[in-house]
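Computed from a prediction, not measured in an experiment: that's the story for all the values here. For the numbers below, each heavy atom of this structure counts, side chains included, while hydrogens, waters and symmetry mates do not.
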Amino acid sequence: MLKLLKRMRLREIIMCLICAVLLLGQIYFDLKLPDFMSELTVLIQTPGSQITDVWLTGGKMLLCTLVSAVLCIACGYLAAKAASGFTYGVRSDLFTHVSALGQQEMLGFSVPSLITRTTNDITQVQMVIAMGLQALIKSPVMAVWAVFKILGKSWELSAITAGFVVAICLSVTLIIASVVPRFRIVQRLTDKLNRIARENLTGINVVHAFNAEDYQNEKFDQTNIKMKATQLKNQRTFAGLQPIMGLGMNGLSLCIFWVGAALLSAMPAANAAGRLTMFSDIMVFSTYATYVVMSFMMLVMIFMLLPPAEVSAERINQVLNTKPAIQEGTKEQGLETGTVEFRNVTFRYPGAADDDLSDVSFKVNKGETLAIIGATGSGKTTLVSLIARFYDATQGEVLVDGVNVKDYTFDALYNKLGYVTQKAVMFSGSVAENVAFGESLTETTAEDIEKAISLAQASEFVGKMEGGTAHRIAQGGRNVSGGQKQRLSIARALARKPEILVFDDSFSALDYRTDAVLRAGLTKELSDTTKVIVAQRISTIRHADQILVMDEGRVVGDGTHEELIKNCPVYREIAKSQLSEAELAQ
């Protein structure tokens, strides 16, 4: 928790300091009340006392109460401001840091867990700061101050108070120690519930189609029941705190009055002044002792919130302290333009037993089209992901414009690339916002957006949408079809005007006619742009300048369509499965 609090900005620190000063003022006025109570008791019991003196003392008590209330309100306001400002900064830092993490770190934490850490865990911390800042300062200061107030008045009553405080502290410590491990379990179960719910909502059509509602419900219930049982154990354990505190406070008051009565009885009746002083001291002692116990009760309330917040803070720090495995370089410019080269590249996913790519070498020059084809799982997507540096090669070099991708700054590398992922991804916003998504070297104008949409063969359906390019796309692109999402994803890459276009099986959702027209448009309009195309269809890649044939992570063929038909059995087998004998002969 302390590590996380080090991220507090100067503004929030100043608010907390002001809050601490206000709390000290509040404690001062609260602890003045017993002194006035003692004075009022003496006035009432002393013959000949003036009613004006009683009213004056009562007025002072009322004034202290009002000032304490105003300070309490001001302190609560500042605490809430400090808590919300601090968690705003932490949430922003966490989101920014997660955005900088690579695939390896994302898989290590899992997406549902990162969502929980960004939302639920930060809320837990905010609650502790907002509610606990006052108690964490006020309780110990008030307890110590009250103890100093009662020291020297009666060693018997002081010993009784100390005994009750020690007993309460031991009880609270045992309870907290027993529930902290279970709070860690609760957070892990929260991640799991988040994951199951997310999977169910994302794949709801599959769940319905396979009549798997009962199966999903059972899977959710298993985790939900575990979480309920763990939470019940925690709450049952915490349920003992209030009775213990209530018993301690009331028992302490009872013991003080009981022992105080015995001390009064032991004093001579003739010593009326001494008995009055003793009676006044007992009343004051009882009030101060109650303040001590109340201070511990406030701490107990914080202790109920502190364990889950401590666990949440640890989980947040885990993410913030995780350094991305992929670090950017310093170079801004390449030695060439529009070239991609692999030099003896071998790659293995973290934790995998075998290499996914083995000794891959090739080069594609400016304006050329490189096609990559192969069976499912042959390493096509892995290969192009190394160009965009989603991962780093285990061995060998990946060069863009003659420079190793590891040496580029992220901005410099991604400004050279237009990447279309295998799975089309749409963001909530307008069509224009999705096409002009992100930053590039040159500003994307409305004309650029229209041109990219037209080249991606998306003008037909975009023109029919209400508002055209201003039409709103739902989260995840739920209100457009798979083919439409694919074309908008292609338009997004084209709008960047990159040196190199990478299509990771981006034509699979398109019909043959749209596929052919789109490729013809790319050839005509972007003749100087290097194109890397991962595809499953021979018709999509047969006119490429260079075709790589992948099989189990290795390049088993490299050449043009005609060369591979003659020399590469794997390519010929793929071609036979898709083309007729006449097309093969042709």
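Applying the 6.0 Å contact sphere to NZ of Lys219 captures more than 12 heavy atoms from other residues, nucleotides or ligands. Atom CD of Gln333 sits in a sparse spot, with 12 or fewer heavy atoms from other residues, nucleotides or ligands closer than 6.0 Å. Counting heavy-atom neighbours within 6.0 Å of Arg9 CZ, excluding the residue itself, gives a total above 12.
Using modelled atom types and a 3.5 Å distance limit, the side chains of Asp448 and Thr445 yield a donor-acceptor pair. Asp355 and Thr346 share no side-chain donor-acceptor pair at under 3.5 Å. Checking Arg117 against Gln318 by side-chain atom types alone, a donor-acceptor pair falls below 3.5 Å. For the residue pair Gln126/Thr123, the side-chain donor-acceptor check at 3.5 Å is not satisfied. Thr514 and Asp511 are linked by a side-chain donor-acceptor pair at a separation below 3.5 angstrom, with hydrogens and angles left out of the test. In the model, Thr382 has no side-chain atom that pairs as donor or acceptor with a side-chain atom of Asp356 under 3.5 Å.
A donor-acceptor pair under 3.5 Å is absent between the side-chain atoms of Asp407 and the main chain of Lys331, judged by distance alone. Here the side chain of Thr87 pairs a donor or acceptor atom with the backbone of Ser84 at under 3.5 angstrom. Glu105 places a side-chain N or O within donor-acceptor distance of the main-chain N or O of Gly102, the cut-off being under 3.5 Å. Remark: the backbone N or O of Ile196 is not paired with any side-chain donor or acceptor of Asn200 at under 3.5 angstrom. Proximity of a side-chain donor or acceptor of Glu328 to a complementary backbone N or O of Phe410 within less than 3.5 Å is detected. Side-chain atoms of Arg496 come within 3.5 Å of backbone atoms of Tyr414 as a donor-acceptor pair (strictly under, hydrogens ignored). No donor-acceptor pair under 3.5 Å is formed between the side chain of Ser312 and the backbone N or O of Ile122. Panel note: side chain Asp401, backbone Gly338; a donor-acceptor pair is recorded below 3.5 Å. Formation of a donor-acceptor pair under 3.5 Å by the Ser99 side chain with backbone atoms of Phe95 is found in this model. In this structure, Ser577 contributes its side chain and Ile574 its backbone to a donor-acceptor pair below 3.5 Å.
A salt bridge is absent between Asp504 and Lys423: the closest approach of a Lys/Arg side-chain nitrogen to an acidic carboxylate oxygen does not fall below 4.0 angstrom. Salt-bridge annotation for Arg472 and Glu433: present, with a side-chain N of the basic residue lying under 4.0 Å from a carboxylate O of the acidic one. The pair Lys576-Glu573 does not count as a salt bridge, with every side-chain nitrogen at least 4.0 angstrom from each carboxylate oxygen. Remark: Arg195 engages Glu199 in a salt bridge, criterion side-chain N to carboxylate O under 4.0 Å. Under the 4.0 Å criterion applied to side-chain N and carboxylate O atoms, Asp354 and Arg348 are not assigned as salt-bridge partners.
Ring orientation note: the planes of Tyr349 and Tyr391 are nearly perpendicular, at an angle over 60° on the 30°/60° scale.
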In residues 360-377, what donor-acceptor pairs under 3.5 Å come from side-chain atoms, sequence neighbours left out?
| unit_1 | atom_1 | unit_2 | atom_2 | d |
| --- | --- | --- | --- | --- |
| Ser361 | OG | Asn344 | N | 2.8 |
| Ser361 | OG | Asn344 | ND2 | 3.4 |
| Glu368 | OE1 | Asn365 | N | 3.1 |

Solution key, residues 549-560 side-chain donor-acceptor pairs under 3.5 Å, sequence neighbours excluded:
| unit_1 | atom_1 | unit_2 | atom_2 | d |
| --- | --- | --- | --- | --- |
| Asp558 | OD1 | Gln546 | NE2 | 3.0 |
| Asp558 | OD2 | Gln546 | NE2 | 3.3 |
| Thr560 | OG1 | Glu563 | N | 3.4 |

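The shortest heavy-atom contact between Pro498 and Gly418 is CB-N, 3.4 Å. Glu466 approaches His471 most closely through the heavy-atom pair O-ND1, 3.2 Å.
Take Phe390 and apply the side chain to side chain contact (heavy atoms under 4.5 Å, CB included) test, not counting sequence neighbours, and it matches Gln103, Ser385, Ala388, Tyr419.
With contacts defined as side-chain heavy-atom distances shorter than 4.5 Å, the pair Ile547/Tyr571 qualifies.
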> Could you go step by step and tell me if Val98 and Met106 meet the side chain to side chain contact (heavy atoms under 4.5 Å, CB included) rule?
Replying inline: CA-CA 8 Å; Val98 169; Met106 296 285 282; 4.1 Å; yes
> Please walk me through it: do Leu399 and Thr339 pass side chain to side chain contact (heavy atoms under 4.5 Å, CB included)?
Replying inline: CA-CA 8 Å; Leu399 296 92; Thr339 63; over 6 Å; no
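Cation-pi check for Arg537 over Tyr512 is met; the charged atom lies under 6.0 angstrom from the ring centroid and within 45 degrees of its normal.
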